Each structure stands twice: as C-alpha cells, then as structure tokens.
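Bear in mind the structure is a predicted one, so any value in this text is a computation, not a measurement. Numbers for residues simply follow the sequence, beginning at 1.
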Amino acid sequence: MMADHGELCDGQDATYCMNGGTCYKISSMNTLSCVCDDNYKGSRCEQFQLFSISTTAGQAGLIAAVVIVSLLSLVVLAIVIYYICNITMWTRLWALYQKKNQQQYWRVKPRV
C-alpha cells in the first residue's frame with residue numbers, strides 16, 4: 001500500500017484527511033493524498049456517500065423509476081377514490097332531494 005500512495009503522513013499533515021481517512025505523502029509530487037473509508041469520498045474524504053443497494057447506475061435508475069411510478073399510481077388511485085365518493089354522495093343527496101320534493105308537491109292529501 002505504501003508503494004501506491006507514498007509514505008504515511010506524520011505530525012500536522014496526519015490531520016489532512018477527514019472522517020477517518022488515511023493520509024499519505026507523495027514525495028515525487030510534494031503533495032498529500034487520502035485513502036477514504038467506504039462511506040466517504042473526495043480528495044480529503046469530505047463527502048459522505050449514501051448507501052445504495054444497487055451496484056450499477058442502471059439498477060439505481062430502475063429502482064427510482066419503480067418508486068416514481070408507484071407514487072404516481074397511488075396519487076391516481078386517491079383521485080379516483082375521491083371522485084367515486086364524491087359522485088356517490090351527490091347521487092344520494094339528489095335522491096333525497098327528489099324524494100323530499102316528490103312528497104311535498106305530488107302527494108295528494110286526504111280530505112277530512
């Protein structure tokens with residue numbers, strides 16, 4: 001590992017890498033380099049990398065597409081249920097209205 005990254009940093013340079021990354025000094029370029037843990041990336045291990053189940057971008061895109069289609073389906077289903085309930089309610093109200101009006105205007109009252 002030393003051959004790939006140079007010598008381990010010492011003293012003040014050891015704090016160059018963030019989030020538990022290992023610092024190496026590359027003497028041929030007079031610069032510092034970091035080897036990050038699995039959860040971090042960046043030149044100084046400063047960026048947290050979110051966990052992902054998929055290993056390829058295609059699988060991640062497929063998962064995102066399935067989630068989006070599922071959410072859209074739920075929204076459409078909620079709208080359909082709302083309109084069915086709304087139509088049912090108005091149908092019942094209309095039937096009650098007609099029944100009430102029919103009783104008042106068309107019913108013949110008996111003579112006394």
For residues Thr22 and Leu8, report the shortest heavy-atom separation together with the two atoms involved.
CG2-CD2, 3.7 Å
Which atoms form the tightest heavy-atom contact between Gln49 and Asp38, and what is the distance?
OE1-O, 3.9 Å
From [X] atom [atom1] to [Y] atom [atom2], the distance as rounded to the nearest 0.5 Å:
{"X": "Glu7", "Y": "Ile26", "atom1": "CD", "atom2": "CD1", "answer": "11.0 Å"}
{"X": "Cys36", "Y": "Glu46", "atom1": "SG", "atom2": "CD", "answer": "7.5 Å"}
{"X": "Asp13", "Y": "Thr15", "atom1": "CG", "atom2": "OG1", "answer": "7.5 Å"}

Between Arg44 (side chain only) and Tyr16 (backbone N and O only), is there a donor and an acceptor less than 3.5 Å apart?
yes
Which donor-acceptor pairs under 3.5 Å do the side chains of residues 73-83 make with protein atoms, sequence neighbours left out?
| residue | atom | partner | partner atom | Å |
| --- | --- | --- | --- | --- |
| Ser73 | OG | Val69 | O | 2.9 |

For atom CE of Met29, is the number of surrounding heavy atoms from other residues, nucleotides or ligands below 6.0 Å larger than 12?
no
For the cysteine pair Cys23 and Cys17, state whether the SG atoms are less than 2.5 angstrom apart.
no
